Number of protein chains: 2
Amino acid sequence: METTPGLRERKKAETRQAIHKATLRLAVERGLDHVTVEDIVEAANISRRTFSNYFGSKEDALLYGEEQRIRDMVRAVRERPAEESGWQALRGAVREMLRDVGEPDREWAVRTTLTRRHPSLLARQLANHAALERELVQAISDRDGQAEPGADLKARIMAAAFLVALRIATHIWIEEQEARPLSQIMEQALDEVARPFH
Amino acid sequence: METTPGLRERKKAETRQAIHKATLRLAVERGLDHVTVEDIVEAANISRRTFSNYFGSKEDALLYGEEQRIRDMVRAVRERPAEESGWQALRGAVREMLRDVGEPDREWAVRTTLTRRHPSLLARQLANHAALERELVQAISDRDGQAEPGADLKARIMAAAFLVALRIATHIWIEEQEARPLSQIMEQALDEVARPFH
DNA sequence: TGCCCAGTGGGCAACTTTGCCCTGTGGGCA
DNA sequence: TGCCCACAGGGCAAAGTTGCCCACTGGGCA
């Protein structure tokens, strides 16, 4: 299943990551508005033109991890065992991701906070979340089937509730200064939101 | 005088340096004969083909620093103030180089030792030294003028004596396990070899 | 002796990065 | 208001890197 992607692919991933990291670091240091693409490419040791080959804007570069995670999440849900229900698949996918990438670190919180403060980034993130929500609805529908009436509504509610739980858990985690592991808070939030389903 | 070489040039230099470093490290670890080009390119994170774009062989890659230093030395001699005599220019260039690059480190001694043990590398290094000697003769001639009879012989002797002094100083430095700074030993050796000129 | 095979060297096309250029945009400021 | 100027976006050709290929070499070994 694990296939080595070859040098060319690996280097592209490295470059993308380097640009993202540089953007994040500079944005944390002085705020995204006071960072030019010029600054980023200098920090990432690439040409300005190459930046454009990878990202359309510094916002893109900054949110790369975010959007990457969203794609991963959707993929993880879709790849859960077929016998799991939609809700089980969602919870399984979360658990899986937290296990695979380990506990999100301080940097992760920083990025989230930073994003939240910046209007244009916030807009982007809302759009991303909306997209994720749509994708999850689709994934759930594909899984639970749409035969019975109201299945669509149920999938929508489920996806929304799921994301709300994650969002709230993340907020709490940040507010608590990462005192408890995020995974624990998330499990708790998911339990809570799932209660009506019983 | 100092001109920033641009990203493209800088990256080429970085790659060349990375290949050289990787070669050196691996050669020190297990001997050059037990290092393949494959190993080197893996360590340097480049493709095998790129290796060939930079060096014709692993010996080339290993001796890169050596040959680089030779070019630097010749350049340094040529760029000494015009009013200096040939011998003054040689000494000035050495002092300058030791100052610019700082004291050569342990790695430098390692490379030298390693080179000395390996027949094909040794041959290469002898050829390099011969080339350096020729270049220095030329530089000295250009400086001191060739008007008077015997000027050519004098330049040849001077260059040879100079290199002998450096070579012996380096040997002593290694034998003493780098107890004294190389610069000090070199000054002493140069004083010694210069005595007949008084 | 003949065969195999790891390692090397380099041609070539596909792809990526760079450098240069020109256009467009949104403040500052005379 | 009009002019500048820093910055962003992206077309294009040149330069660099990769991946694939094949030819060659020098041991090992049946």
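Scope of the values below: all heavy atoms of this structure, side chains included, with no hydrogens, waters or symmetry mates. These numbers were taken from a predicted model, which means no experiment stands behind them. A note on names: the letters A, B, ... follow the listed sequences, proteins ahead of strands, and every chain is numbered from 1.
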Without decimals, in angstroms, what is the distance between [X] [atom1] and [N] [atom2]?
X: B:E14; N: D:dG16; atom1: CD; atom2: P; answer: 14 Å
X: B:K12; N: D:dA15; atom1: NZ; atom2: C1'; answer: 8 Å
X: B:I46; N: D:dT17; atom1: CD1; atom2: P; answer: 8 Å
X: A:F51; N: D:dG10; atom1: CZ; atom2: P; answer: 11 Å
X: B:D33; N: D:dG26; atom1: CG; atom2: P; answer: 15 Å
X: B:N45; N: D:dG16; atom1: CG; atom2: C1'; answer: 16 Å

Query raised in the report: Quick one: do A:L163 and A:W87 end up in the same hydrophobic cluster if we chain Ile, Leu, Val, Met, Phe, Trp and Tyr together by side-chain heavy atoms under 4.5 Å apart?
Result: yes
Query raised in the report: Is it the case that one hydrophobic cluster holds both B:I168 and B:L98, taking links as side-chain heavy atoms less than 4.5 Å apart, direct or via other members?
Result: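 Same cluster.
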Query - Segment of DNA chain C, first to last nucleotide, that comes within the 4.0 Å heavy-atom reach of chain A - result: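 Answer, 5' to 3': C:dA14 to C:dC20.
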Report task. Using distance alone, with no hydrogens and no angle criterion, decide if A:Q68 and A:R16 have a side-chain donor and acceptor under 3.5 Å apart. Result ->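 The criterion, which ignores hydrogens and geometry beyond distance, is not satisfied for A:R16 and A:Q68.
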**Report entry** Nearest listed nucleotide, side chain of A:S52, among D:dG10, D:dT18, D:dG16
**Finding:**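 From the listed options, D:dG10 comes nearest.
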Report summary line: Between B:G86 and B:M158, the two heavy atoms sitting closest are C-SD, 3.9 Å
Requested in this report: Indicate the atoms forming the closest heavy-atom contact of A:R48 with A:V37, along with that distance.
Outcome: CG-CG1, 4.2 Å
Query raised in the report: According to the Watson-Crick and G-U wobble definitions, with both distances under 3.5 Å, which nucleotide is paired to C:dA30?
Result: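 Partner of C:dA30: D:dT1.
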Query raised in the report: Passes salt bridge (charged side-chain N to carboxylate O under 4.0 Å, His left out), A:R71 versus A:E135? Steps please.
Result: CA-CA 9 Å; A:R71 275 189 296 279; A:E135 298 254 33; over 6 Å; no
Query raised in the report: Does the side chain of B:T50 get closer than 4.0 angstrom to OP1 or OP2 of D:dT17 through an N or O atom?
Result: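 So the side-chain polar atoms of B:T50 never come under 4.0 Å of the phosphate oxygens OP1 or OP2 of D:dT17.
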Query raised in the report: Would you say D:dT17 has OP1 or OP2 under 4.0 Å from some side-chain N or O of B:Y54?
Result: yes
Requested in this report: Determine the sole option in A:E96, A:E187, A:E84 for which the side chain to side chain donor-acceptor pair (under 3.5 Å) test with A:R91 is passed.
Outcome: A:E187
Query raised in the report: If you pin A:K11 and A:K58 to their nearest nucleotides in DNA chain D, which one's is more 5'?
Result: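 Checking each residue's closest nucleotide, the 5'-ward one belongs to A:K58.
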**Report entry** First encountered from the 5' end of DNA chain D, between B:R8 and A:E38
**Finding:** A:E38
Query raised in the report: What does B:F55 touch in the nucleic acid at a heavy-atom separation under 4.0 angstrom: a base, only the sugar-phosphate, or nothing?
Result: nothing
Requested in this report: Check if the side chain of A:R48 and the base of D:dG9 share a donor-acceptor pair of N or O atoms closer than 3.5 Å.
Outcome: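 Such a pair exists between side chain and base.
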Query - No-H, no-angle donor-acceptor pair, A:R49 side chain to D:dG9 base, under 3.5 Å - result: no
